[in-house]
S.K.: 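What follows is a single structure, and I will ask about it in a moment.
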Amino acid sequence: MIFEQVATGGCQSYLVGCEASCAAALIDPEISQIDRYLALAAKDGLRIRFLIDTHTHADHFSATQELARRLEVPVIMHRQSRAPFVDMRVDDGEMILVGDLRLRVLYTPGHTRDSMCLQLPDRLLTGDTLLIGGTGRTDLPTGDASALHESLFGKLLKLDPQLLVYPAHDYKKSGHSTLERELATNPRLQKRDRAAFIEMMANLNLGMPTHLTEALRTNMNGGRTVSQLLSEATAKVSFMSMEELKSRLASGEPGLLVLDVRERDAYIAGHIPGAKLLPRGQLELRVNQELPDPTRRVLVYCDFGKVSTLAAATLREMGYARAVALDGGMIAWNDAGYPAKPGAEP
Ligand SMILES: [Fe+2]
């Protein structure tokens, strides 16, 4: 078996491959690491055949949907998952065959209603059901402390204590543990009485994950994250540095149209001299009047450089083949002490 563990902050993903057949499963992949997973699979001579989420993640962005599109392989989740892009739903006691490897599904609700663990001969991928020195929280949507108690004490912890534990989260960089070690040392497993366990879980007072709504929106409904939209737009346009723009403006470069896509009040407060105002929200509807020449070089800027990247990509899609985004924005422009002009342009 080939086994790779990839950490993204505290999130852990796993690439599990069969040496004989070169087939692999990728478990709990995270969106920012797509190139790393593909590179790892190539390095190990593996072909990713299955994408598996152990549950609906509320705290990071799953890459299963995006990778499924690129690799044309199925996304697997538990039967209880509501994500519309899941191709194969599995249930307790079933197995996923990855070449000669057998990934056994253990249904372990509690952290979420669709949580499952995956068992290999010597190890368990425990998702967020059992963590090293902790357990998944049960206060997010579909969480249930009583179900988690049953999943842990009624199922997972009854397995061979020598099984290695590889969780979906590990903030302390411990790598892995064993069931035996967790039973002995994991503070959350010391309350074995159901009522005491439920009370402990109800009183953890954890903060909400930073990207809760965006993660649930994308992981449950198959939407795109803001950073995905930005990185797709970034790949569609070229950029110009602030220094380059400043010197081109100073030399009075003919034909360069600078476009401010912020709101009018921001433009009036101070804009790059000579810039034309066309707020992002009106871009598509006013573009024919305001930018009649699609062959003109248009440099787009906003406050931070993000909205302008999206706007420049939209312009390219609309046929403005020379739309360029400023690498930076009005805030950095002002910080650099570059020329700015208040009021309207003539
Ligand atoms: Fe989770």
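Computation of the quantities below employed the complete heavy-atom set of this structure, encompassing side-chain atoms and omitting hydrogens, waters and symmetry-equivalent molecules.
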S.K.: Pick one: which of Thr142, Asp128, Thr112 meets side chain to side chain donor-acceptor pair (under 3.5 Å) with His55?
M.R.: Asp128
S.K.: From Met116 CE over to His111 NE2, what is the distance, rounded to the nearest 0.5 angstrom?
M.R.: 13.0 Å
S.K.: How long is the gap from CG on Leu106 to NE2 on His78, to the nearest 0.5 Å?
M.R.: 10.0 Å
S.K.: Working to the nearest 0.5 angstrom, can you tell me the gap between Tyr14 OH and Ile52 CD1?
M.R.: 13.5 Å
S.K.: Distance-only check: which donor-acceptor pairs under 3.5 Å involve side-chain atoms of residues 152-159, not counting sequence neighbours?
M.R.:
from: Lys155; atom 1: NZ; to: Asp92; atom 2: OD1; distance (Å): 3.1
from: Lys155; atom 1: NZ; to: Tyr107; atom 2: O; distance (Å): 2.8

S.K.: Tell me, yes or no, whether the heavy-atom count around Arg280 atom CZ, taken from other residues, nucleotides or ligands under 6.0 Å, exceeds 12.
M.R.: yes
S.K.: Do Val6 and Tyr37 have side chains that get closer than 4.5 Å, going by heavy atoms?
M.R.: yes
S.K.: Can any side-chain N or O of Thr126 pair as donor or acceptor with the backbone N or O of Thr129 at less than 3.5 Å?
M.R.: no
S.K.: Take atom CZ of Arg286 as the centre, draw a 6.0 Å sphere, and report whether it contains more than 12 heavy atoms from other residues, nucleotides or ligands.
M.R.: yes
S.K.: Within the 4.5 Å heavy-atom criterion, are Leu299 and Arg248 side-chain neighbours or not?
M.R.: no
S.K.: Assess the residue pair Lys246 and Glu243 against the criterion (salt bridge (Lys or Arg N to Asp or Glu O under 4.0 Å)); give the C-alpha distance rounded to whole Å, side-chain angles, the decisive distance to 0.1 Å, and a yes or no.
M.R.: CA-CA 5 Å; Lys246 178 173 157 262; Glu243 296 76 7; over 6 Å; no
S.K.: Taking the side chain as every heavy atom from C-beta outward, state whether Asp139 and Leu204 have any atom pair closer than 4.5 Å.
M.R.: no
S.K.: Is the CD atom of Glu199 crowded by more than 12 outside heavy atoms at less than 6.0 Å?
M.R.: no
S.K.: Are Arg297 and Met240 packed together at the side-chain level, in the sense that at least one heavy-atom pair is separated by less than 4.5 angstrom?
M.R.: yes
S.K.: With side chains defined as the heavy atoms from C-beta onward, is the minimum distance between Thr234 and Phe239 less than 4.5 Å?
M.R.: yes
S.K.: Check the angle between the aromatic planes of His60 and His57 and answer parallel, tilted or perpendicular using the 30° and 60° thresholds.
M.R.: tilted
S.K.: Can you tell me how far the CZ atom of Arg49 sits from the CG atom of Leu26, to the nearest 0.5 Å?
M.R.: 14.0 Å
S.K.: Does the distance from a Lys or Arg side-chain N to an Asp or Glu carboxylate O, for Arg70 and Glu66, drop under 4.0 Å?
M.R.: yes
S.K.: Roughly how far, to the nearest 0.5 Å, is the CZ atom of Arg262 from the CD1 atom of Ile268?
M.R.: 10.0 Å
S.K.: Can you find a side-chain donor-acceptor pair between His176 and Gln5 that sits under 3.5 Å?
M.R.: no
S.K.: So, do Leu326 and Met242 sit near enough that their side-chain heavy atoms are less than 4.5 Å apart?
M.R.: yes
S.K.: For Asp28 and Thr54, indicate whether the former's side chain and the latter's backbone hold a donor-acceptor pair under 3.5 Å.
M.R.: yes
S.K.: Please check if the side chain of Glu345 supplies one atom and the backbone of Gly274 the other of a donor-acceptor pair under 3.5 Å.
M.R.: yes
S.K.: Assess, by modelled atom type and distance only, whether the side chains of Ser32 and Glu30 contain a donor and an acceptor separated by less than 3.5 Å.
M.R.: yes
S.K.: Do Glu182 and Ser177 have side-chain N/O donor and acceptor atoms under 3.5 Å apart?
M.R.: yes
S.K.: Out of curiosity, Cys302 SG to Glu263 CD, how far, rounded to the nearest 0.5 Å?
M.R.: 11.5 Å
S.K.: Looking only at the side chains, is there a donor atom on one of His211 and Asp59 sitting less than 3.5 Å from an acceptor on the other?
M.R.: no
S.K.: Between the side chains of Asn219 and Ser62, does any donor sit under 3.5 Å from an acceptor?
M.R.: no
S.K.: Does Arg89 have any salt bridge (Lys or Arg N to Asp or Glu O under 4.0 Å) partners at least two apart in sequence or in another chain, and if so, which?
M.R.: none
S.K.: Hydrogens and angles aside, do Asp144 and Ser146 bring a side-chain donor and acceptor to less than 3.5 Å of each other?
M.R.: no
S.K.: Just wondering, more than 12 heavy atoms not from Arg192 lying within 6.0 Å of its CZ?
M.R.: yes
S.K.: Can you confirm whether Val105 sits close enough to Ile96 that some side-chain heavy atom of one is under 4.5 Å from a side-chain heavy atom of the other?
M.R.: yes
S.K.: Measure the shortest side-chain to side-chain distance between Leu46 and Glu4 over non-hydrogen atoms and say whether it is less than 4.5 angstrom.
M.R.: no
